[in-house]
Number of protein chains: 2
Amino acid sequence: MQQLFEQIGNYHRLSPEAAEAVSLGFERITLPKNECLVTEGKVCRHLYFLEKGALRGYYQEDGKEITHWFGFENDFVTSFHSFITGQPSVENIQLLEGSILWGIAKERLNELLNQYHEIERLVRIAYEKYYIRLEERFVNAHFKTATDRYEDLLEHAPHIVERVPLGYIASYLGISPETLSRVRGRL
Amino acid sequence: MQQLFEQIGNYHRLSPEAAEAVSLGFERITLPKNECLVTEGKVCRHLYFLEKGALRGYYQEDGKEITHWFGFENDFVTSFHSFITGQPSVENIQLLEGSILWGIAKERLNELLNQYHEIERLVRIAYEKYYIRLEERFVNAHFKTATDRYEDLLEHAPHIVERVPLGYIASYLGISPETLSRVRGRL
DNA sequence: CCGCTTTTTTGACAAATGTCAAGTGTGCCC
DNA sequence: GGGCACACTTGACATTTGTCAAAAAAGCGG
């Protein structure tokens, strides 16, 4: 839980009472590799902090699994679309390694948001940072060849290549596994 | 300004005092077509509400202008990366039509966020919705052929095709103008 | 309304990528 | 440690897309 508060401290410092309230809201979750944290078709009502491990978010399209994001230590993860809208999730979140997470129910989080302006600020700042991270990722993929995308990945997120199967990486980059293999062969 | 409050009302209802404070923070801006609202190299310290008109966000890459988003009526627009981080913007925002916007300085907005928990909530909810809109857009572009992308655009945002030059649309879709032309010819 | 500029389309060709199938390498479980 | 399943690579071919250049169409300003 200390790691969670370190990460929270990167966004916005909380008063002791707010920090205490936050700590009471989270529960520790341990899951093995391949287990799913979120499954499509169900409403996602929890937000998670990933203390240790790795995971991927994927959805089905034309009978294929499309991986579109990964999460690693210190990330806040959830099926954001479902969490925010309250609609059933179209994506699944699957553990790529045995992992330790801390989860908080949306209901509980809403209570904290109601009670503490500073927690509302914390969450707003977190959304700002997640928004621009997503925007950066989008811009970095726009108009890029397969080679560009893989090279960008190696430069900005080499840990992904070390921890994630290449098939999922190809999917994440929006290219076929064969193409990724050929790109790797040329580097 | 009524339109601004209607849009704000879609996110979160404000008390009369908060609404009054918000209305005092915004200023009306009228700009002609082709004018730039934001230019690269400068820190963007304003958030804008687009009451009437259209605009695009673009950046330079290898001597080319890459358009990566459009804004229309009722959108909140800014160079989010620069606005949030305080770093110089890498993108430009250019009016595609003569437009009417309402702008608020970041400093003023921060004062409002400090004073009113409900305004903090409003902004958090706005960020949530913008985050999932960006995520949807990303997912809708992932692994898509040029034809798929254009068809998706026609289906989900036909107004873009009506109001934006095709060259910018091609750029936005991540394909060349020639390819867009060929795709259109096949439909 | 005309001339000029900009936008869009078209042709030809090269490069990149996807698909399908098969082969090789790696990892896991018994 | 071996066998099997899974992950990754390779080959061949088809399709898509980009690039360059040129032509056609559309829009704007005087």
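Per chain, numbering begins at 1; letters A, B, ... match sequence-line order. Heavy atoms only: backbone and side chains are in, while hydrogens, waters and symmetry mates are out.
- Separating the NZ atom of Lys33(B) from the C1' atom of dG29(D) is a distance of 13 Å, rounded to the nearest angstrom.
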Please list, one pair per line, the donor and acceptor atoms closer than 3.5 Å that link side chains of residues 69-89 of chain A to other protein atoms, with sequence neighbours excluded.
{"residue": "Trp69(A)", "atom": "NE1", "partner": "Glu91(A)", "partner atom": "OE1", "Å": "2.8"}
{"residue": "Glu73(A)", "atom": "OE1", "partner": "Arg163(A)", "partner atom": "NH1", "Å": "3.0"}
{"residue": "Glu73(A)", "atom": "OE2", "partner": "Gly53(A)", "partner atom": "N", "Å": "2.9"}
{"residue": "Glu73(A)", "atom": "OE2", "partner": "Arg163(A)", "partner atom": "NH2", "Å": "3.1"}
{"residue": "Asn74(A)", "atom": "OD1", "partner": "Gln3(A)", "partner atom": "NE2", "Å": "3.2"}
{"residue": "Asp75(A)", "atom": "OD1", "partner": "Arg133(A)", "partner atom": "NH1", "Å": "3.3"}
{"residue": "Asp75(A)", "atom": "OD2", "partner": "Phe72(A)", "partner atom": "N", "Å": "2.9"}
{"residue": "Thr78(A)", "atom": "OG1", "partner": "His46(A)", "partner atom": "O", "Å": "2.8"}
{"residue": "Ser79(A)", "atom": "OG", "partner": "Ser89(A)", "partner atom": "OG", "Å": "2.9"}
{"residue": "Ser79(A)", "atom": "OG", "partner": "Glu91(A)", "partner atom": "OE2", "Å": "3.1"}
{"residue": "His81(A)", "atom": "NE2", "partner": "Glu136(B)", "partner atom": "OE2", "Å": "2.8"}
{"residue": "Ser82(A)", "atom": "OG", "partner": "Cys44(A)", "partner atom": "N", "Å": "2.7"}
{"residue": "Ser82(A)", "atom": "OG", "partner": "Gln87(A)", "partner atom": "O", "Å": "2.5"}
{"residue": "Thr85(A)", "atom": "OG1", "partner": "His81(A)", "partner atom": "O", "Å": "2.6"}
{"residue": "Thr85(A)", "atom": "OG1", "partner": "Gln87(A)", "partner atom": "N", "Å": "3.2"}
{"residue": "Ser89(A)", "atom": "OG", "partner": "Glu91(A)", "partner atom": "N", "Å": "3.0"}
{"residue": "Ser89(A)", "atom": "OG", "partner": "Glu91(A)", "partner atom": "O", "Å": "2.8"}

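- Salt-bridge formation is detected for the pair Arg124(A)/Glu128(A): a Lys NZ or Arg NE/NH1/NH2 atom is positioned less than 4.0 Å from an Asp or Glu carboxylate oxygen.
- Surrounding CD of Glu27(B) are at most 12 heavy atoms belonging to other residues, nucleotides or ligands under 6.0 Å away.
- The side chain to side chain donor-acceptor pair (under 3.5 Å) test applied to Asp152(A) returns no partner, not counting sequence neighbours.
- When all heavy atoms are compared, the tightest approach of Leu154(B) to Leu187(B) is CD1-CD1, 3.9 Å.
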task: Any chance you could list the contact pattern along nucleotides 7-12 of chain D? Use B for base contacts, S for sugar-phosphate-only contacts and - for none, protein heavy atoms under 4.0 Å, 5' to 3'.
output: -SBBBB
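- Overall bending of the helix from dC1(C)-dG30(D) to dC30(C)-dG1(D), expressed as the angle between end axes built from five pairs apiece, is 60° (10° steps).
- If you chain together ILVMFWY residues whose side-chain heavy atoms come under 4.5 Å of each other, Val90(A) ends up in a group of its own.
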Distance-only donor-acceptor hits, side chain of residues 8-17 of chain A, under 3.5 Å, sequence neighbours excluded:
{"residue": "Asn10(A)", "atom": "ND2", "partner": "Gln7(A)", "partner atom": "OE1", "Å": "3.2"}
{"residue": "Ser15(A)", "atom": "OG", "partner": "Glu17(A)", "partner atom": "OE2", "Å": "3.4"}
{"residue": "Ser15(A)", "atom": "OG", "partner": "Ala18(A)", "partner atom": "N", "Å": "3.3"}
{"residue": "Ser15(A)", "atom": "OG", "partner": "Glu118(A)", "partner atom": "OE1", "Å": "3.3"}
{"residue": "Ser15(A)", "atom": "OG", "partner": "Glu118(A)", "partner atom": "OE2", "Å": "3.0"}

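- Applying the ring-ring contact (aromatic ring centres under 6.0 Å, His included) test to every pair with at least one member in residues 100-129 of chain B, sequence neighbours left out, gives these pairs: His117(A)-His117(B).
- Spacing between atom CG of Asn34(A) and atom C1' of dA5(D) amounts to 14 Å, rounded to whole angstrom units.
- How far CZ of Phe26(B) is from CG of Leu109(B): 7.0 Å, rounded to the nearest 0.5 Å.
- Checked against the 6.0 Å centroid threshold, Phe138(A) and His68(B) do not count as a close aromatic pair.
- Applying the side chain to side chain donor-acceptor pair (under 3.5 Å) test to Glu111(B) and every residue at least two apart in sequence or in another chain returns Arg108(B).
- Listed by first and then second residue, the salt bridge (Lys or Arg N to Asp or Glu O under 4.0 Å) pairs involving residues 165-186 of chain A amount to none (not counting sequence neighbours).
- Read 5' to 3', the first and last nucleotides of DNA chain C with an atom closer than 4.0 Å to a heavy atom of chain A are dT17(C) to dA21(C).
- If you check residues 142-159 of chain B against DNA chain C, you find no residue with a heavy atom closer than 4.0 Å.
- Under the side chain to side chain donor-acceptor pair (under 3.5 Å) criterion, Arg137(A) pairs with Tyr172(A), sequence neighbours left out.
- Separating the CG atom of Leu173(B) from the P atom of dT17(D) is a distance of 11 Å, rounded to the nearest angstrom.
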